[in-house]
Amino acid sequence: MKLGRFITLEGGEGVGKSTNLQFIEQILLERQIEVVITREPGGTELAERIRKLLLEKSDELITSQAELLLMFAARAQHIQHVILPAMQQGRWVLCDRFTDATYAYQGGGRNMDVNMIAWLEQLVQGSLRPNLTLLLDAPVEIGMRRAMHRGKLDRFETEKVDFFQRVRQAYLERASLDQNRYSIIDASLPLIEVQAQITQAIDKLCTA
Ligand SMILES: Nc1ncnc2c1ncn2[C@@H]1O[C@H](COP(=O)(O)OP(=O)(O)O)[C@@H](O)[C@H]1O
Ligand SMILES: Cc1cn([C@H]2C[C@H](O)[C@@H](COP(=O)(O)OP(=O)(O)O)O2)c(=O)[nH]c1=O
């Protein structure tokens, strides 16, 4: 059985990840590709419980180290119980955020040591890396304005603009290192144009 492919969707707050998830599913289905849609942090029962711990606001300050380890704890469950089994059955996996978010939020946003993240990545993922990462990129102000309409803010969404500027920079730096894996999508454009760019990137992967 041919191994399924692994696509991740990344970007800051409000850039349109949720909006485009169903669209990508549709494109893949039209090309007769079976796809499993999932997200991080989350994707299994335990990982979703960890997600709740990470996103809810609490009186006890969550240290950056605890945050980083919880992200990878959830990821370990997700990879073993959802991502790898699906790929081994030949299905494609489309994941709303993955380890690039750790490099961007914990590495860029929280200024954590990138070597430490790389070490945990190796421990938890071995050689597993996405085949394609769609990075939806837009100026922070645009994303925040769009996200504001969603109502109650989670623990990350209450961070200051500086934090999100660092997140954006870290994403862009990573994407510039590997133009084969990353496709940077200009998410400030109207949805129809964003989706045309996404379709092009998916088609390239389908024919690769
Ligand atoms: N290209 C776009 N142009 C204008 N509005 C958009 C665009 N993409 C998404 N939106 C809107 O922005 C808001 C946030 O999008 P969402 O998909 O929830 O972002 P994310 O999941 O990345 O946080 C939603 O109201 C959505 O309809
Ligand atoms: C996967 C991952 C997410 N996160 C953060 C980014 C988001 O703020 C949050 C998950 O929320 P999510 O609902 O995916 O994001 P959005 O609000 O853009 O729809 O977790 C990290 O800090 N590190 C990670 O490794």
Side-chain angles (χ1 to χ4, degrees), residues 6-15 17-18 21 36-88 93-131 133-136 140 143 147 152-175 177-178 181-182:
F6 182 26
I7 303 174
T8 58
L9 197 53
E10 295 281 359
E13 313 292 317
V15 290
K17 292 180 301 304
S18 316
L21 216 57
V36 172
I37 296 201
T38 186
R39 67 171 179 185
E40 288 213 349
T44 75
E45 202 209 315
L46 177 56
E48 288 290 330
R49 270 157 50 202
I50 297 173
R51 177 188 176 90
K52 196 160 171 283
L53 295 175
L54 282 160
L55 296 192
E56 70 192 6
K57 291 177 215 156
S58 72
D59 292 336
E60 179 178 334
L61 180 81
I62 302 181
T63 68
S64 298
Q65 289 88 343
E67 184 179 283
L68 177 67
L69 293 169
L70 285 169
M71 288 295 175
F72 272 107
R75 185 161 298 139
Q77 291 299 110
H78 192 206
I79 290 171
Q80 288 311 317
H81 296 301
V82 175
I83 298 177
L84 287 182
M87 289 174 73
Q88 281 155 2
V93 174
L94 172 58
C95 191
D96 186 351
R97 295 192 187 280
F98 193 62
T99 308
D100 288 297
T102 312
Y103 281 99
Y105 282 76
Q106 282 65 51
R110 304 257 190 255
N111 291 309
M112 293 204 76
D113 183 355
V114 170
N115 293 319
M116 208 66 85
I117 299 175
W119 189 83
L120 289 166
E121 180 181 37
Q122 185 58 36
L123 174 77
V124 169
Q125 293 170 224
S127 62
L128 178 71
R129 299 290 180 277
N131 298 102
T133 296
L134 297 161
L135 172 58
L136 299 181
V140 170
K152 207 161 151 264
L153 300 179
D154 67 36
R155 199 172 60 83
F156 287 98
E157 287 165 344
T158 55
E159 290 292 338
K160 304 213 165 57
V161 176
D162 279 10
F163 176 90
F164 295 110
Q165 298 285 14
R166 290 197 300 279
V167 167
R168 184 183 183 208
Q169 276 321 309
Y171 267 134
L172 287 172
E173 270 163 37
R174 273 187 73 69
L177 296 177
D178 185 352
R181 161 147 87 91
Y182 295 90

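Residue numbers count from 1 along this sequence. The figures that follow rest on heavy atoms only: side chains count, while hydrogens, waters and symmetry mates do not.
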### Any residue meeting salt bridge (Lys or Arg N to Asp or Glu O under 4.0 Å) with E173, in chain and number order, not counting sequence neighbours
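Here no residue qualifies.
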### Set of residues satisfying salt bridge (Lys or Arg N to Asp or Glu O under 4.0 Å) with respect to E67, sequence neighbours excluded
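For E67 the salt bridge (Lys or Arg N to Asp or Glu O under 4.0 Å) partners, ignoring immediate neighbours, are R110, R155.
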### Task
Enumerate the residue pairs fulfilling salt bridge (Lys or Arg N to Asp or Glu O under 4.0 Å) with a member in residues 113-126, sequence neighbours excluded, ordered by first and then second residue.
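Counting only pairs at least two positions apart or across chains, the salt bridge (Lys or Arg N to Asp or Glu O under 4.0 Å) contacts touching residues 113-126 are E121-R129.
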### Message
Test side chain to side chain contact (heavy atoms under 4.5 Å, CB included) on T102 and M112; report intermediate values, then the result.
### Response
CA-CA 10 Å; T102 312; M112 293 204 76; over 6 Å; no
### Query
Using 4.0 Å as the upper bound for N to carboxylate O, is an ion pair formed by E45 and R49?
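A salt bridge links R49 with E45.
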Looking at every non-hydrogen atom in both residues, tell me the closest pair between [X] and [Y] and how far apart they are.
{"X": "V93", "Y": "A86", "answer": "CG2-CB, 3.7 Å"}
{"X": "F163", "Y": "F156", "answer": "CZ-CD2, 4.5 Å"}
{"X": "Y171", "Y": "D100", "answer": "CE2-O, 3.6 Å"}
{"X": "A104", "Y": "A170", "answer": "CA-CB, 3.7 Å"}
{"X": "A118", "Y": "Y103", "answer": "CA-OH, 3.2 Å"}
{"X": "T44", "Y": "H78", "answer": "CG2-CA, 3.7 Å"}

### Query
Looking at F72, is R75 sitting on its ring face, NZ or CZ under 6.0 Å from the six-membered ring centre and within 45 degrees of the normal?
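R75 over F72 ring: yes.
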### Message
Using the rule given for side chain to side chain contact (heavy atoms under 4.5 Å, CB included), can you reason through L69 versus L120, listing the C-alpha separation, both sets of side-chain angles and the distance that settles it, and then say yes or no?
### Response
CA-CA 8 Å; L69 293 169; L120 289 166; 4.2 Å; yes
### Query
With distance as the sole criterion, is a donor-acceptor pair present between the side chains of T133 and R174 under 3.5 Å?
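Not at all, the side chains of T133 and R174 share no donor-acceptor pair under 3.5 Å.
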### Task
Take R39 and R51 through the test side chain to side chain contact (heavy atoms under 4.5 Å, CB included) and record every step on the way to the result.
CA-CA 10 Å; R39 67 171 179 185; R51 177 188 176 90; 3.4 Å; yes
### N/O donor-acceptor pair under 3.5 Å between R166 side chain and G108 backbone
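Yes; judged by distance alone, with no hydrogens or angles, the pair exists.
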Under 3.5 Å, which donor-acceptor pairs do the side chains of residues 56-64 form with other protein atoms, sequence neighbours left out?
{"from": "K57", "atom 1": "NZ", "to": "L153", "atom 2": "O", "distance (Å)": "3.2"}
{"from": "S58", "atom 1": "OG", "to": "E60", "atom 2": "O", "distance (Å)": "2.8"}
{"from": "T63", "atom 1": "OG1", "to": "A66", "atom 2": "N", "distance (Å)": "3.0"}

#### Entry: By side chain to side chain donor-acceptor pair (under 3.5 Å) - contacts of E13 (at least two apart)
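Only Y105 meet the side chain to side chain donor-acceptor pair (under 3.5 Å) criterion with E13.
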### Task
Taking side chain to side chain donor-acceptor pair (under 3.5 Å) as the test, write out the residues that go with Q65, two or more places apart.
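Side chain to side chain donor-acceptor pair (under 3.5 Å) check on Q65 returns nothing, list empty.
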### Query
Going from CG on L128 to CD1 on I79, what distance comes out if it is rounded to the nearest 0.5 angstrom?
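CD1 of I79 is found 5.5 Å from CG of L128.
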